[in-house]
2 protein chains.
Amino acid sequence: MSQRNTDVSHQATCTVLQVLERISGKWSIGVLLPAMDGPVRFTELERSIAGISRRMLTLTLRNLERDGLLTRTVYPTVPPKVEYTATEMARELYDALQSLTSWAERNLDAIATARETYDAATA
Amino acid sequence: MSQRNTDVSHQATCTVLQVLERISGKWSIGVLLPAMDGPVRFTELERSIAGISRRMLTLTLRNLERDGLLTRTVYPTVPPKVEYTATEMARELYDALQSLTSWAERNLDAIATARETYDAATA
DNA sequence: CTGGATCCCCAGGGATACTG
DNA sequence: CAGTATCCCTGGGGATCCAG
């Protein structure tokens, strides 16, 4: 065996970090979510995601597509029509995120309290 | 009811984002992990986390402590001795992260392939 | 040993304008 | 409609030095 579980932990850390790098970025999740329920068009996304700019929407879409989390379908009509759909892999990712969501819901108050306590003690 | 499940999705998005903000940052997970197995000292962390600077270690520790994920214990000896331990909340977070880790392990190859394909097509 | 204080740099992201 | 191109600015994080 290796010394303690450090090696295993290191592996796990790296793996998690890779996921986080993938879905971090201010808009990734917000973009991915609407695409879960089926094809979504560019402008639909732009309207449904409050505060996103055209630029960031495009960049985020490109990255997600590159990682195989989104498929892009172009209909060569005029005016152009493009649809984005989440892949199976993305749906599995979303399921995996649920556990994080539930953790957050359970601990949101505790975190807020911890912060107040810390800030009060620090100030 | 609201239009479709947009409201629910929005809520979920926000919640997840709060967690991600908390554990994003280049070092958070790497710092949290060694503290899972019991008290760890500052220098131990510094040595076990490859590439971290003193500054970032300190900042990361402070943030984690502020959010109630880490407890800091100071022994007023000379030279000083400080121990960090993950809280129960942090351990639950770690469990929640496991699903992400397993997702990553399952899909790492698929992502790599998707990227190559995309880059080849783009180039 | 365990930090704090400073300076600096770069990538992520906002605003705006243009286009097939 | 669905993007591209450009400019700019902020803050996360690295390097270095100082201190109780």
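This structure is a prediction, so every number in the text was calculated from the model and none was measured. Chain A is the first sequence line, chain B the second, and so forth, proteins listed ahead of strands; every chain is numbered from 1.
Nearest heavy-atom pair, A:Leu70 versus A:Ala35, reported as atom, atom and distance to 0.1 Å: CD1-CB, 3.9 Å. Between B:Glu46 and B:Ile52, the shortest heavy-atom distance links the atoms O-CG2, 4.1 Å.
Taking atom CD of residue B:Glu44 and atom P of nucleotide C:dC1, one finds them 11 Å apart after rounding to whole Å. Here C:dT2 presents its P atom at 13 Å from CD1 of B:Ile49, a figure rounded to the nearest Å. Between B:Asn63 atom CG and D:dG11 atom P the separation is 15 Å, expressed in whole Å. Separating the CD atom of B:Glu21 from the C1' atom of D:dG11 is a distance of 14 Å, rounded to the nearest angstrom. One interatomic measurement links the two molecules: CZ of A:Phe42 to P of C:dG20, which rounds to 17 Å at whole-angstrom precision. The nearest whole Å value for the distance from the OH atom in A:Tyr75 to the P atom in D:dA2 is 12 Å. Here C:dG3 presents its C1' atom at 8 Å from CZ of B:Arg72, a figure rounded to the nearest Å. If you take CD of A:Glu46 and C1' of C:dA15, they are 14 Å apart, rounded to a whole angstrom.
Against DNA chain C, the stretch residues 76-83 of chain B makes heavy-atom approaches under 4.0 Å through B:Pro79, B:Pro80, B:Val82.
Judged by distance alone, the side chains of B:Ser102 and B:Arg106 do bring a donor and an acceptor atom under 3.5 Å apart. B:Ser99 and A:Ser99 share a side-chain donor-acceptor pair at under 3.5 Å. Side-chain contact check for B:Glu83 and B:Tyr75: at least one donor-acceptor pair (N or O, by modelled atom type) lies under 3.5 Å.
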_Annotated protein contacts, base or backbone, on nucleotides 13-18 of chain D with a non-hydrogen cut-off under 4.0 Å, one of B, S, - each_ = BBB---
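The residue A:Thr58 sits close to a base: some heavy atom pair falls under 4.0 Å.
Remark: A:Arg62 is in phosphate contact with D:dG3, judged by side-chain N or O atoms under 4.0 Å from OP1 or OP2. Within the structure, a side-chain polar atom (N or O) of A:Thr43 is placed less than 4.0 Å from OP1 or OP2 of D:dA2.
Residue B:Asp119 qualifies as enclosed at atom CG: its count of foreign heavy atoms under 6.0 Å is above 12.
Listed for the B:Trp103 side chain is no donor-acceptor partner under 3.5 Å among the backbone atoms of A:Ala90.
B:Arg62 is linked by a salt bridge (charged side-chain N to carboxylate O under 4.0 Å, His left out) to nothing, counting only residues two or more places apart in sequence or in another chain.
Atoms CD and CG, from A:Gln18 and B:Leu100 in turn, are 12.5 Å apart once rounded to the nearest 0.5 Å.
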